[in-house]
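Reading through the structure tokens given below for one structure.
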Amino acid sequence: MKRILVIEDEKSLARFIQLELEHEIFYVETAYDGRSGLDLALQQEWDMILLDIMLPFVSGIEVCRQIRQQKKTPVIMLTARDTVTDRVSGLDSGADDYIPKPFAIEELLARMRALFRRVDMQDTSPQPHQTLAFRHLKVDVDARVVHKGNQLVDLTKREFDLLVMFMRNPNLVLTRDMLLDQVWGYDSLVETNVVDVYVRYLRNKLDEPGADSFIQTMRGIGYVMR
């Protein structure tokens, strides 16, 4: 599931974009000012950022500049300011694309798809094994190897896929339906309680007696790795 950050101070528009993107099966978070948006952009990993230029506290131009100093996250500028100077300023700050308001959601989705394709084409060179780390857990995603400290942890395919989902979303509450869709498939016929069973399997293999569990239960919602 691709993660999208929307930084937009017009709350009704931000909510509209969020609902439309969630309908397209994206995970979406929103921020309503430049300062909190920049914090989210730098502290978490995102597949794309939709960024308004006119923001309280820190402008979208400055947010984009600071993101570019640390990350290569794709950025699409969303703004009512559509002069040539504004477009040049947005692109020079590091934005990958620019879409003026008002816009049709279909156009935004098309721009996002095009940008994802460009990113995928640029990412065809051989890559080192992707490694995820949390506390003293390390996961080599490509080799499908898990270490707890110096100890090798033997996981089944489904246990491994579930652990990777948690490792890629630390401190994010994941619902049972979300986990079921991502690990078992959206068309799976299994019940959501199978998630509880596999979380228990993971805890039995990962947790130490007396220590906090890697995966914590959020009653009535799902689970979170923190």
Side-chain angles (χ1 to χ4, degrees), residues 1-34 36-53 55 60 63-64 67-68 70-79 90 94-124 130 132 141 161-188 192 195 218 221-226:
M1 179 183 294
K2 290 189 181 297
R3 293 167 50 84
I4 311 297
L5 175 61
V6 179
I7 308 176
E8 166 62 62
D9 65 330
E10 188 179 338
K11 293 187 177 181
S12 60
L13 177 58
R15 181 59 176 163
F16 169 73
I17 294 172
Q18 180 178 8
L19 292 174
E20 291 292 336
L21 294 184
E22 288 176 344
H23 181 71
E24 297 293 326
I25 319 300
F26 291 108
Y27 172 79
V28 183
E29 282 197 34
T30 56
Y32 304 118
D33 64 78
S36 60
L38 180 60
D39 287 344
L40 278 171
L42 296 181
Q43 292 171 6
Q44 300 187 34
E45 294 302 316
W46 304 96
D47 294 291
M48 186 174 292
I49 296 172
L50 306 181
L51 175 62
D52 187 22
I53 284 184
L55 292 169
V63 169
C64 193
I67 291 171
R68 278 293 166 265
Q70 300 186 41
K71 296 190 172 186
K72 297 181 179 180
T73 312
V75 175
I76 296 179
M77 287 283 194
L78 310 175
T79 180
D96 298 277
D97 202 354
Y98 188 109
I99 182 169
K101 302 174 185 176
F103 53 82
I105 192 65
E106 292 81 5
E107 181 181 4
L108 175 59
L109 291 170
R111 296 284 189 100
M112 292 174 65
R113 289 192 295 268
L115 184 49
F116 280 135
R117 287 195 297 270
R118 278 160 43 197
V119 171
D120 290 342
M121 289 175 64
Q122 294 168 1
D123 200 29
T124 55
Q130 181 185 4
L132 302 172
V141 178
D161 292 343
L162 184 59
L163 176 60
V164 167
M165 183 67 176
F166 282 116
M167 295 279 282
R168 283 178 170 159
N169 298 278
N171 302 310
L172 177 67
V173 177
L174 302 174
T175 67
R176 290 173 176 81
D177 285 334
M178 191 181 297
L179 292 167
L180 198 64
D181 287 348
Q182 293 299 305
V183 177
W184 280 264
Y186 72 93
D187 57 350
S188 173
T192 54
V195 174
M218 303 299 291
I221 304 174
Y223 298 96
V224 58
M225 176 172 269
R226 63 162 63 112

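- Using the six-membered ring where Trp is involved, Y223 and F166 have ring planes that are perpendicular, over 60° apart on the 30 and 60° scheme.
- Side-chain contact between L78 and I7: absent, with no pair of heavy atoms (C-beta onward) separated by less than 4.5 Å.
- When the side-chain contact (heavy atoms from CB on, under 4.5 Å) test is applied to I221, the partners found at least two apart in sequence or on another chain are V173, T175, M218.
- Using a 4.5 Å cut-off on side-chain heavy atoms (C-beta onward), I53 and M77 make contact.
- Every residue meeting the salt bridge (Lys or Arg N to Asp or Glu O under 4.0 Å) condition with E107, not counting sequence neighbours, appears here in chain and number order: R111.
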Quick one: side chains of residues 43-51, donor-acceptor pairs under 3.5 Å with protein atoms, not counting sequence neighbours, listed by atom name and distance.
| from | atom 1 | to | atom 2 | distance (Å) |
| --- | --- | --- | --- | --- |
| Q44 | OE1 | R3 | NH2 | 2.6 |
| E45 | OE2 | K71 | NZ | 3.1 |
| W46 | NE1 | L40 | O | 2.9 |
| D47 | OD2 | R3 | N | 2.6 |

In sequence, state the C-alpha distance, the side-chain angles, and the governing distance for D39 and S36, and then conclude on side chain to side chain donor-acceptor pair (under 3.5 Å).
-> CA-CA 5 Å; D39 287 344; S36 60; over 6 Å; no

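- Taking L132 as the reference, Q130, V139, V141, V164, M167, R168 meet the side-chain contact (heavy atoms from CB on, under 4.5 Å) condition, with sequence neighbours excluded.
- Atom CG of L55 sits about 9.0 Å away from atom OG1 of T79, to the nearest 0.5 Å.
- Side-chain N or O atoms of Q18 include none that pairs as donor or acceptor with a backbone N or O of T30 at under 3.5 Å.
- For E8 (side chain) and E10 (main-chain N/O), a donor-acceptor pair under 3.5 Å exists by modelled atom type.
- Residues forming a salt bridge (Lys or Arg N to Asp or Glu O under 4.0 Å) with D161 (at least two apart in sequence, or on another chain): R144, K157.
- Put simply, the side chain of R68 gets close to the backbone of T73: a donor and an acceptor are under 3.5 Å apart.
- Looking at L109 and E24, their side chains come closer than 4.5 Å, going by heavy atoms from C-beta outward.
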Pair D52-L13, side-chain contact (heavy atoms from CB on, under 4.5 Å): steps then yes or no | CA-CA 11 Å; D52 187 22; L13 177 58; over 6 Å; no

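- Considering only heavy atoms from C-beta on, D9 stays 4.5 Å or farther from D33 through its side chain.
- Partners of R226 according to the salt bridge (Lys or Arg N to Asp or Glu O under 4.0 Å) rule, which considers only residues two or more places apart in sequence or in another chain, do not exist here.
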